[in-house]
2 protein chains.
Amino acid sequence: MKKVTINDIAKKLGVTPSTISRALADNKRVSLKTREMVKKVAKEMGYQPNLMAASLRKGRSDLVGMIVPRINRHFFSNVISGVEEILNPAGYSLLIMQSHEKLRSEVKAVNSLMQNRVAGIITSISSETDDFGHFQYVVDSKVPLVQFDRVSKELTGAKVVNDNYTGAYLATKKLLESGYRRVAHFGGSRLLKAYCERRRGYEDAVKDYFGKVDEGLIMEDVITREAGYLKVKEVAKEGIDAVFCAGDYSAFGVYEGLKELGISISKEFGVAGFGNEPFAEMIYPTLSSVEQQGSEMGRMVARQMIDAINGSGHNIEIVVPVKYIDRDSSGKVL
Amino acid sequence: MKKVTINDIAKKLGVTPSTISRALADNKRVSLKTREMVKKVAKEMGYQPNLMAASLRKGRSDLVGMIVPRINRHFFSNVISGVEEILNPAGYSLLIMQSHEKLRSEVKAVNSLMQNRVAGIITSISSETDDFGHFQYVVDSKVPLVQFDRVSKELTGAKVVNDNYTGAYLATKKLLESGYRRVAHFGGSRLLKAYCERRRGYEDAVKDYFGKVDEGLIMEDVITREAGYLKVKEVAKEGIDAVFCAGDYSAFGVYEGLKELGISISKEFGVAGFGNEPFAEMIYPTLSSVEQQGSEMGRMVARQMIDAINGSGHNIEIVVPVKYIDRDSSGKVL
DNA sequence: CAATAATGTGCAATCGTTTGTATATTTTTT
DNA sequence: AAAAAATATACAAACGATTGCACATTATTG
């Protein structure tokens with residue numbers, strides 16, 4: 001079963017390949033009659049265009065590359081899903097690679113994508129990345145680069161980020177309004193802007209309530225379940241009665257620590273997380289958290305990419321709203 | 001900044017493009033000296049091979065297509081991750097599409113991948129798919145097809161599935177050994193083999209224990225959280241004292257139902273799930289479940305694909321072992 | 001030293017499209 | 001009815017690599 005090409009169709013119809021090509025592309029330069037005939041015959045013959053040939057000739061492909069730290073992370077897989085949702089109907093296919101948070105892998109991925117002559121690259125930068133040469137190369141090559149979540153200001157092109165600030169602000173505010181008085185913050189790495197923003201949201205909420213922030217209540221790099229567990233056991237006895245965690249996993253660690261200490265979550269100690277992992281509403285008590293709307297973010301990212309490919313790209317930072325989800329862990333009413 | 005081609009390198013070195021091509025491919029027909037020189041200059045000039053041109057000429061690309069129902073499902077994203085882990089170092093890139101459980105999308109995805117002349121297609125069939133013409137077309141086109149998890153015997157090529165049977169058997173067996181006497185089964189669709197296998201595992205475990213199976217204890221299509229919740233409220237009063245669910249989500253629904261009914265999980269009523277979702281060890285009491293080892297499965301799938309691409313593909317079904325994880329929900333010792 | 005083999009490189013066609021320009025045909029305008 | 005404009009199709013050169021075959025040079029052999 002040999003692959004049928006436009007030349008085969010041309011031969012069968014007694015016209016030239018160029019006419020076939022134009023007919024299939026609905027070019028008005030070929031008569032409507034011919035166009036219909038060509039399409040009919042093409043379908044009959046089971047013609048499948050060879051996108052590689054087309055891309056080679058056109059100088060760009062219909063592939064969009066995407067590099068994320070890990071595919072199997074709730075947030076990232078949601079973004080991917082959203083991107084795909086928009087990109088596919090627009091005629092693009094997604095080439096996905098993961099960096100595993102390693103700069104080396106990221107560089108390799110970029111090269112691989114560039115060799116495939118992708119129409120653009122979407123990425124959320126690895127946490128290890130401190131040199132942006134590989135991405136700068138993308139930009140210099142005039143290949144659209146759209147960043148999301150973990151973005152670098154050093155690189156031009158569209159950026160799409162969550163409204164980490166507001167999410168953190170709202171989560172913290174609710175803890176304060178529920179009556180907790182010494183609300184701590186378990187943050188992430190200061191190197192990642194997302195965490196800085198969450199911290200800022202926390203600080204401003206506290207400031208707006210008390211007029212000042214107690215720096216002693218802020219702990220950095222407490223982002224894993226284990227870290228949350230250890231840290232809360234360390235500080236819970238020091239008069240702290242609530243914590244806003246920069247991630248749901250550390251919040252769950254806090255749950256474990258508190259249970260071990262015999263401290264009642266919600267009644268005696270408020271907790272809020274960030275990310276709204278699926279388990280947030282399944283644990284007891286249910287965990288207040290901030291939903292990141294990954295799919296929505298992915299859709300925005302995809303739209304930016306399409307614009308950029310079409311030459312109407314903007315060098316802007318888009319902030320996607322987040323949703324604070326109030327559950328039992330942050331209300332004293334339990 | 002114009003893209004540099006092998007012709008540019010050839011011109012600079014005063015040789016022909018063919019020599020460059022061979023040198024870069026480490027062909028012994030060009031002298032070691034020349035090869036090294038070419039590579040050095042290529043690097044200096046920032047040469048990035050054009051994979052589309054190469055693929056066009058060679059008649060096949062280094063892209064592997066993958067179609068899954070949903071990217072953002074824990075299990076699938078793990079498989080993708082595993083596939084990528086093996087395929088990338090081997091020089092292949094992954095083109096991912098989701099079917100959203102729709103036949104139409106699946107067909108579109110297949111066409112899109114075929115047009116991109118992928119070297120092979122990996123897929124887990126949509127639950128809606130009852131016609132396999134699109135995949136048969138892939139097989140007929142001699143494009144390797146590797147199926148996983150949701151496979152069809154109608155299609156030739158490697159298949160990789162979980163040992164659903166054993167996982168279900170072990171989970172059920174543990175419930176019986178813990179002393180529960182009327183163990184029900186909340187299963188999935190009979191159309192999907194995976195669920196049939198889980199049911200079979202349940203049945204055999206019960207048979208081995210009691211000598212016979214009470215068909216009345218088996219409920220089909222109870223796979224969502226909502227369904228589990230409703231069903232357990234309906235049947236818990238009928239003397240049932242445990243349930244093996246074909247999925248963790250329905251198991252969680254069972255938790256909700258039981259809590260509402262005031263029935264103590266584990267002490268009075270045993271529960272086991274399937275899938276080992278992240279929340280399984282975070283809920284109270286922790287949920288016994290069967291881990292599917294998605295990444296491992298992905299790695300196996302990728303290896304099968306590489307074999308198939310290299311012409312040494314087997315038309316076999318590989319069974320990947322699962323891991324029963326015993327937690328509190330299925331022991332009366334709580 | 002002639003004949004043969006081995007080695008390294010060049011030539012040119014090819015993969016399947018796209019597209020600028022040319023040409024042939026038809027239609028419209030004056 | 002001749003000139004101009006519009007329409008439809010053909011021609012041929014790309015795009016950037018790969019590869020069978022030919023050729024030239026050097027090394028090996030009898």
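In what follows, chains are A, B, ... by sequence order, proteins preceding strands, each numbered from 1.
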Just compare [options] and give me whichever is closest to any side-chain atom of [X].
X: N7(A); options: dT18(D), dG16(C), dG20(C); result: dG16(C)
X: V15(A); options: dA17(D), dC11(C), dA10(D); result: dA10(D)
X: S31(B); options: dT19(C), dT9(C), dG10(C); result: dT9(C)

I'd like to know if [X] reaches the base of [N] with its side chain such that a donor and an acceptor end up less than 3.5 angstrom apart.
X: R57(B); N: dG20(D); result: no
X: R29(A); N: dG20(C); result: no
X: R117(B); N: dG16(C); result: no
X: S18(A); N: dC11(D); result: yes

Exercise. Should the pair F76(A) and F148(A) be assigned to parallel (<30°), tilted (30 to 60°) or perpendicular (>60°) ring geometry?
Worked result: perpendicular
What's the [atom1]-[atom2] distance between [X] and [N], to the nearest Å?
X: N27(B); N: dG8(C); atom1: CG; atom2: C1'; result: 10 Å
X: M37(B); N: dT9(C); atom1: CE; atom2: C1'; result: 16 Å
X: M52(B); N: dA14(D); atom1: CE; atom2: P; result: 21 Å

Exercise. Does D26(A) pair with K28(A) as a salt bridge, N-O distance under 4.0 Å?
Worked result: no
